[in-house]
Engineer: 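One structure is given below, represented as structure tokens, and several questions about it will come after.
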Amino acid sequence: MNSYRTHHCAQLRKPDIGQRVVLSGWVDARRDHGGLVFVDLRDREGVTQIVFDPQQIPESHDLRSEYVIRVEGEVAPRPEGTVNPKLVTGEIEVKAAQLCALNKSETPPYPLDEENVNEDLRLQYRYLDLRRRPMIANLRMRHRVTKIIRDYFDEQGFLEIETPMLFKSTPEGAREYLVPSRTNPGLFYALPQSPQQFKQLLMVAGVEKYFQIARCFRDEDLRADRQPEFTQVDVEMSFIGREDIYRVIEGMLKCIWKGAINHDLQIPLPRIAYQDAMNDFGADKPDRRFGIQLKDFTDTFRSSGFKVFAGAVASGGVVKAINAKGLACVTQGQIDLLTEQAKTMGAKGLAWIKVEGGAWKSPIVKFFSEAEKSALTERLVIEEGDLILFAADKWSAACEVLGKLRLTVAEMLQKMGKLNIPKDVFDFFWVVDFPLITFDPETQKYKATHHPFTAPVDEDIPLLDREPTKVRGQHYDLVVNGIELAGGSIRIHQADVQRKVFEDVLKIPKETAESRFGYLIKALGYGAPPHGGIAPGLDRIVALVCGTENIREVIAFPKNARAQDLMTGAPAEVEPRQLRELRIQTEGRRPQ
RNA sequence: GGCCCGGUAGCUCAGCAACCAGAGCAACUCUCUGUCGAAGAGAAGGUCGGGGGUGCGAAUCCCCUCCGGGCCGCCA
């Protein structure tokens with residue numbers, strides 16, 4: 001028998017009364033009555049109340065928060081009226097016969113039962129933070145989800161295969177973390193942004209069904225749902241099409257939601273086209289849990305007296321609007337903020353109408369004809385108290401601006417209590433029919449919407465040369481509640497098509513394509529099977545089932561917004577000797 | 001790189017030009033045999049993030065700067 005414990009701290013119940021037990025754990029709370037001392041003893045599983053008689057055990061007065069102790073004693077019923085219904089062990093207590101202090105503790109830098117504590121303090125003392133009940137629950141949930149995923153893919157005949165962390169730089173995508181090579185002075189590895197190319201090579205190798213709980217690295221700016229290192233459920237299959245991917249991933253989600261939070265997901269999931277998502281919600285990952293859909297008024301304003309709208313239409317653009325129901329109460333300051341937001345996204349301004357006191361209050365409404373007004377009233381269902389926002393621009397720009405404003409006004413309405421989004425709704429769906437390539441105005445070049453290995457939809461292949469932006473990719477995103485949870489595609493498996501995409505469509509010089517991706521094209525030439533895959537974000541999945549929006553809450557040791565580890569102090573300076581070995585010279589730290 | 005919010009005791013926060021900057025909790029000392037965020041008493045704890053400016057007077061107003069968080073850009 002283990003000498004530290006016979007039971008854990010959430011185990012003892014009424015039937016155990018009279019038993020001699022040993023418990024070990026941390027002092028969660030102490031209530032010293034002088035002639036009687038209560039201690040809530042906590043371990044990973046829960047809390048049990050210990051009662052000390054200080055006459056028998058005088059050291060019980062000296063216990064403090066987070067001391068580690070071993071207690072031997074007898075399970076006793078709590079006296080009439082002192083049962084604690086908040087604890088599963090609340091009907092019993094342990095009368096201590098022996099106390100052994102295994103370790104003392106410094107006074108914790110912040111109270112562990114406090115909900116709202118500065119996150120940098122929590123990150124600095126992460127080992128204490130993880131002792132808190134919600135954090136233990138999150139770690140446990142992550143373990144459970146990961147196990148469900150492994151079991152699921154195992155049952156489906158997948159092999160879990162590890163791929164290298166030290167990879168080659170492929171600067172097309174996200175900024176990479178570079179690792180200098182000592183044995184090849186002056187040369188660098190890159191940490192993978194994802195195991196994309198290796199999993200395709202595994203398909204060429206004939207693995208057929210691969211998955212991996214894979215760590216990925218991206219040296220980009222952080223967000224609440226973005227860490228520099230994060231985990232993907234990386235999946236790839238051979239001899240399949242898009243439908244097979246949907247089926248496998250939907251099955252995985254159903255198992256996770258059932259096993260983690262006992263929630264029954266309805267599958268198959270709905271699918272919406274990229275074009276429709278943009279038209280109706282102004283986003284390729286729309287949050288459909290609330291209405292406020294975009295409406296198109298391009299035809300209404302084609303020959304309008306309001307030249308801003310008519311002009312936008314004349315130059316090939318569109319006019320779109322949303323109705324923020326009940327938001328006419330916004331202040332001018334808030335309108336200015338919304339305008340500012342629209343401008344940062346490239347809009348020249350923001351046209352709006354407040355419906356207040358039975359009148360349309362707006363600087364532009366005087367330009368509108370009666371026909372235009374009635375079209376707006378009818379199609380936007382305008383009523384007293386509404387706020388209408390317009391965008392007139394190129395199709396994609398107008399959609400994106402209103403899509404972002406839609407999220408902002410929904411947030412404002414939520415804060416005012418005028419919009420309620422239930423917590424337990426999971427609106428899952430697939431977004432499909434993305435354009436294969438997009439024109440990037442910044443570089444004035446075509447670039448892959450997803451990545452350059454994505455296969456075009458078969459019947460669109462003839463358009464590759466003539467109208468490349470019309471070509472749809474066999475790409476799919478999994479979206480839930482406005483969050484992109486996964487993205488993937490059917491890949492190009494013919495070397496000549498892959499070469500054509502690199503050289504003719506993306507205009508990557510032949511030599512560059514060869515040096516960066518030559519091994520992949522070469523591999524495709526040796527009998528690559530048709531294949532495709534997807535990569536759901538594990539951190540986001542776990543955050544969803546834990547009910548948090550911040551993935552730092554479901555990562556044991558996350559980085560802060562500057563990608564620093566506040567506990568260990570990484571990143572840090574290194575010894576000059578280390579740099580010499582790597583033949584690296586630095587300019588030192590950037591002066592602050 | 002841009003915008004927004006925040007920084008006052010160990011923690012959470014109040015104070016937002018005028019007694020000497022406060023409260024709750026924690027820590028410390030003491031009292032107490034049925035508490036469960038124990039209670040009561042006492043004593044202690046502050047470069048008001050830092051620097052500069054305006055004022056008779058600044059935690060409070062202005063400027064600069066540092067730190068934390070959120071968002072935009074960025075994330076093939």
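Residue numbering restarts at 1 for every chain, and letters A, B, ... go by the order of the sequence lines. Note that these values count all heavy atoms, side chains included, but never hydrogens, waters or copies made by symmetry.
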Engineer: At under 4.0 Å between heavy atoms, what does A:Gln564 touch on the DNA or RNA strands: base, sugar-phosphate, or nothing?
Structural biologist: sugar-phosphate
Engineer: Base of B:G2, side chain of A:Glu340 - is there a donor-acceptor contact under 3.5 Å?
Structural biologist: no
Engineer: Provide the distance between the two P atoms, one in B:C36 and one in B:G45, to the nearest whole Å.
Structural biologist: 31 Å
Engineer: Could you tell me which residues satisfy ring-ring contact (aromatic ring centres under 6.0 Å, His included) with A:His61, sequence neighbours excluded, listed by chain and number?
Structural biologist: none
Engineer: Please name all residues satisfying side chain to side chain donor-acceptor pair (under 3.5 Å) with A:Lys522, sequence neighbours left out, ordered by chain then number.
Structural biologist: none
Engineer: Atom CG of A:Asp120 to atom P of B:C66: distance rounded to whole Å?
Structural biologist: 17 Å
Engineer: For A:Glu176 and A:Ser169, test the side chains for any donor-to-acceptor distance below 3.5 angstrom and give the result as yes or no.
Structural biologist: yes
Engineer: Determine if the base of B:G10 is syn or anti; take syn to mean the glycosidic torsion is within 90° of 0.
Structural biologist: anti
Engineer: Which residues satisfy the ring-ring contact (aromatic ring centres under 6.0 Å, His included) test with A:Tyr476, sequence neighbours excluded?
Structural biologist: A:Tyr246
Engineer: Over all strands shown, is A:Thr170 touching base, sugar-phosphate only, or nothing at heavy-atom distances under 4.0 angstrom?
Structural biologist: nothing
Engineer: Tell me: CG of A:Leu36 to P of B:C36, nearest whole Å?
Structural biologist: 12 Å
Engineer: A:Arg31 CZ to B:U31 C1': how many Å, rounded?
Structural biologist: 19 Å
Engineer: Round to the nearest Å and state the distance from A:Asp113 atom CG to B:G24 atom C1'.
Structural biologist: 13 Å
Engineer: How would you list, by chain and number, every residue that makes a side-chain contact (heavy atoms from CB on, under 4.5 Å) with A:Pro536, sequence neighbours excluded?
Structural biologist: A:Val233, A:Ile249, A:Met252, A:Ala486, A:Ile534, A:Ile541
Engineer: What does A:Thr82 touch in the nucleic acid at a heavy-atom separation under 4.0 angstrom: a base, only the sugar-phosphate, or nothing?
Structural biologist: base
Engineer: May I ask you to decide whether A:Arg175 forms a salt bridge with A:Asp219, counting only side-chain N to carboxylate O separations under 4.0 Å?
Structural biologist: no
Engineer: Applying a 4.0 Å non-hydrogen cut-off, can you work out what A:Lys559 is touching in the nucleic acid: base, sugar-phosphate, or nothing?
Structural biologist: nothing
Engineer: Please figure out whether A:Glu80 or A:His451 has its closest RNA chain B nucleotide nearer the 5' end.
Structural biologist: A:Glu80
Engineer: If you find the nucleotide of RNA chain B closest to A:Asn560 and the one closest to A:Phe453, which residue's nucleotide is nearer the 5' end?
Structural biologist: A:Asn560
Engineer: Assess whether ring-ring contact (aromatic ring centres under 6.0 Å, His included) is satisfied between A:Tyr189 and A:Phe167, documenting all intermediate values.
Structural biologist: CA-CA 5 Å; A:Tyr189 302 98; A:Phe167 181 42; over 10 Å; no
Engineer: May I ask you to establish whether A:Arg406 and A:Phe290 are in a cation-pi arrangement, using a distance under 6.0 Å from NZ or CZ to the six-membered ring centre and at most 45° from the ring axis?
Structural biologist: yes
Engineer: With 3.5 Å as the limit, what N/O pairs link the protein to nucleotides 70-73 of chain B?
Structural biologist:
residue, atom, partner, partner atom, Å
B:G70, OP1, A:Arg552, NH1, 3.1
B:G70, OP1, A:Arg552, NH2, 2.7
B:C71, OP2, A:Ala224, N, 3.4
B:C72, OP2, A:Arg223, NE, 3.1
B:G73, N7, A:Arg223, NH2, 2.9
B:G73, O6, A:Asp221, OD2, 3.4
B:G73, O6, A:Arg223, NH1, 2.9
B:G73, O6, A:Arg223, NH2, 3.1
B:G73, N1, A:Asp221, OD2, 2.6
B:G73, N2, A:Asp221, OD2, 3.3

Engineer: N/O contacts under 3.5 Å, protein versus nucleotides 5-14 of chain B?
Structural biologist:
residue, atom, partner, partner atom, Å
B:G10, O2', A:Pro109, O, 2.6
B:U12, OP1, A:Asn118, N, 2.9

Engineer: Can you check the A:Asp32 CG to B:U29 C1' distance for me, whole Å?
Structural biologist: 13 Å
Engineer: Between A:Glu66 and A:Arg131, is the closest basic N to carboxylate O distance under 4.0 Å?
Structural biologist: yes
Engineer: A:Glu220 has a side chain; which of B:C74, B:G34, B:C67 sits nearest to it?
Structural biologist: B:C74
Engineer: Given atom CD of A:Glu91 and atom C1' of B:C36, what is their separation to the nearest angstrom?
Structural biologist: 15 Å
Engineer: Is a side-chain donor-acceptor pair under 3.5 Å present for A:Gln498 with A:Gln494?
Structural biologist: no
Engineer: Nearest whole Å is fine: how far is B:A26 C1' from A:Leu128 CG?
Structural biologist: 14 Å
Engineer: Could you state the atom-to-atom distance from CD of A:Gln334 to C1' of B:C4 in whole Å?
Structural biologist: 13 Å
Engineer: With heavy atoms under 4.0 Å as the rule, sort A:Arg78 into base, sugar-phosphate or nothing.
Structural biologist: base
